[in-house]
*Asks:* 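Take a look at this one; I'll ask things after.
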Amino acid sequence: RYNLFLYGKPGTGKTHLAIALGIEACKRFKKVAFYRLPDLIQRLRNISNDAKLRKRLARLDLIIIDEFGYPPRDPDTIQLFFDFITDYCYEKKSLILTSNRTIKEWLSDFTDPRDEKMAHAAIDRLAQDTLLFTFLGESHRVLQSKMTVV
């Protein structure tokens, strides 16, 4: 029930490592799901009418959330994310979050003070048992590209 926050520039291997850890968890018979944050939020919008999704989320051992730093701009986003963390994750399962934005940058997206407070509360729950891994260096995609970066 520990979490990982994989932070770094684009192309440095965060998603690659998150998927590799997810595959390893599957090999150990753990139930794993992978979502991009915008896709997860979209699914959560319908969760009250989707018993299958509620059951699936409850049974998972590990949830990988890719592109964490870019939440959708809809007004209900932070409420959905907070409820997701509280109802399905906090002290119940492990999360792996990938982002090329810091938590501080992510929190700055919320202009409504109520949303900002709720975002802080969600992060507070995540931070309790989370290890931070920082990915340094240049993008592997750029380094392997035949294009010249100017």
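Numbering of residues begins at 1 and proceeds along the displayed sequence.
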*Asks:* Is there a donor-acceptor pair under 3.5 Å between the side chain of Arg54 and the backbone N or O of Ser48?
*Replies:*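 Checked: pair present.
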*Asks:* Quick check: is Leu4 connected to Tyr88 through a chain of hydrophobic side chains (ILVMFWY, heavy atoms under 4.5 Å apart)?
*Replies:*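 Shared cluster, no.
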*Asks:* Rounded to the nearest 0.5 Å, how far does OH of Tyr2 lie from OG of Ser94?
*Replies:*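 Going from the OG atom of Ser94 to the OH atom of Tyr2 covers 10.0 Å.
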*Asks:* If I compare all heavy atoms of Ala25 with all of Leu62, which pair ends up nearest, and what's the gap?
*Replies:*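 In terms of heavy atoms, the two residues are closest at CB-CD2, 4.0 Å.
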*Asks:* Shared ILVMFWY cluster between Val32 and Ile19, side chains joined below 4.5 angstrom?
*Replies:*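 Same cluster.
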*Asks:* Mind checking whether Phe135 and Leu95 sit in one hydrophobic cluster, side chains of I, L, V, M, F, W, Y counted as touching below 4.5 Å?
*Replies:*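 Different hydrophobic clusters.
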*Asks:* Please name the residue in the list Leu6, Asn3, Leu17 that meets the side chain to side chain contact (heavy atoms under 4.5 Å, CB included) test with Ile96.
*Replies:*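 Of Leu6, Asn3, Leu17, side chain to side chain contact (heavy atoms under 4.5 Å, CB included) with Ile96 is met by Leu6 alone.
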*Asks:* Between Gln128 and Asp124, does any side-chain donor sit less than 3.5 Å from a side-chain acceptor?
*Replies:*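 Judged by distance alone, the side chains do not pair up.
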*Asks:* So Thr98 and Phe5, do their side chains get closer than 4.5 Å, heavy atoms only?
*Replies:*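 No, too far: nothing below the 4.5 Å cut-off.
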*Asks:* Taking all atoms of both residues into account, what is the closest heavy-atom pair of Ala33 and Leu60, and its distance?
*Replies:*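 Heavy atoms of Ala33 and Leu60 come nearest at CB-CD1, 3.5 Å.
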*Asks:* Run the numbers on Ile85 and Ile123 for side chain to side chain contact (heavy atoms under 4.5 Å, CB included), then give the verdict.
*Replies:* CA-CA 9 Å; Ile85 294 298; Ile123 295 302; over 6 Å; no
*Asks:* Going from CD1 on Ile103 to CG on Leu126, what distance comes out if it is rounded to the nearest 0.5 angstrom?
*Replies:*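 Ile103 CD1 to Leu126 CG: 7.5 Å, rounded to 0.5 Å.
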*Asks:* Could you check if a side-chain atom of Lys93 sits within less than 4.5 angstrom of a side-chain atom of Asp61, using non-hydrogen atoms only?
*Replies:*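 Side-chain contact under 4.5 Å: no.
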*Asks:* Begin with the C-alpha distance, continue with both residues' side-chain angles, and end with the deciding distance and a verdict on side chain to side chain contact (heavy atoms under 4.5 Å, CB included) for Asp39 and Gln42.
*Replies:* CA-CA 5 Å; Asp39 299 335; Gln42 190 58 42; 5.6 Å; no
*Asks:* To the closest 0.5 Å, what do you measure between NE2 (His120) and CG (Asp115)?
*Replies:*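 These two atoms lie 11.5 Å from each other.
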*Asks:* Knowing that exactly one of Asp87, Leu80, Leu53 qualifies, which makes a side chain to side chain contact (heavy atoms under 4.5 Å, CB included) with Ile47?
*Replies:*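 Output: one option passes, namely Leu53.
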*Asks:* How long is the span from the CZ atom in Phe84 to the CG atom in Leu57, to the nearest 0.5 Å?
*Replies:*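 So the CZ of Phe84 and the CG of Leu57 are separated by 6.0 Å.
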*Asks:* Is there a chain of hydrophobic side chains (I, L, V, M, F, W, Y, each step under 4.5 Å between heavy atoms) that links Ile23 to Leu97?
*Replies:*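 Result: no, two separate clusters.
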*Asks:* If the test is salt bridge (Lys or Arg N to Asp or Glu O under 4.0 Å), which one of Asp76, Asp50, Asp83 qualifies with Arg45?
*Replies:*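 Considering Asp76, Asp50, Asp83, a salt bridge (Lys or Arg N to Asp or Glu O under 4.0 Å) with Arg45 is found only for Asp76.
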*Asks:* Would you say Lys31 has more than 12 foreign heavy atoms packed within less than 6.0 Å of its NZ?
*Replies:*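 No, the 6.0 Å shell around NZ holds no more than 12 heavy atoms from other groups.
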*Asks:* Mind running side chain to side chain contact (heavy atoms under 4.5 Å, CB included) on Tyr35 and Arg43 for me, showing each step along the way?
*Replies:* CA-CA 10 Å; Tyr35 297 100; Arg43 287 180 181 222; 3.7 Å; yes
*Asks:* If I compare all heavy atoms of Asn100 with all of Pro10, which pair ends up nearest, and what's the gap?
*Replies:*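 Answer, listing the atom of Asn100 first, then Pro10: ND2-CG, 3.2 Å.
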*Asks:* Using a strict threshold of under 4.0 Å (side-chain N to carboxylate O), is an ion pair present between Arg114 and Asp112?
*Replies:*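 Yes, charged N to carboxylate O under 4.0 Å.
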*Asks:* Hey, are the side chains of Thr102 and Tyr7 touching, using non-hydrogen atoms and a 4.5 Å cut-off?
*Replies:*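 In short, these two side chains touch, coming nearer than 4.5 Å.
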*Asks:* Tell me whether Phe34 shares a hydrophobic cluster with Phe133, the cluster being built from Ile, Leu, Val, Met, Phe, Trp, Tyr side chains joined at under 4.5 Å.
*Replies:*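 Both belong to a single hydrophobic cluster.
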*Asks:* What distance separates Leu40 CG from Phe81 CZ, expressed to the nearest 0.5 Å?
*Replies:*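 Reported value, rounded in 0.5 Å steps: 8.0 Å.
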*Asks:* Would you compute the distance between atom CZ of Arg56 and atom CD1 of Ile63 and round it to the nearest 0.5 angstrom?
*Replies:*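 The CZ atom of Arg56 sits 8.5 Å away from the CD1 atom of Ile63.
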*Asks:* Is a salt bridge present between Lys14 and Asp66, judged by a nitrogen-to-oxygen distance below 4.0 Å?
*Replies:*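 No, this pair does not count.
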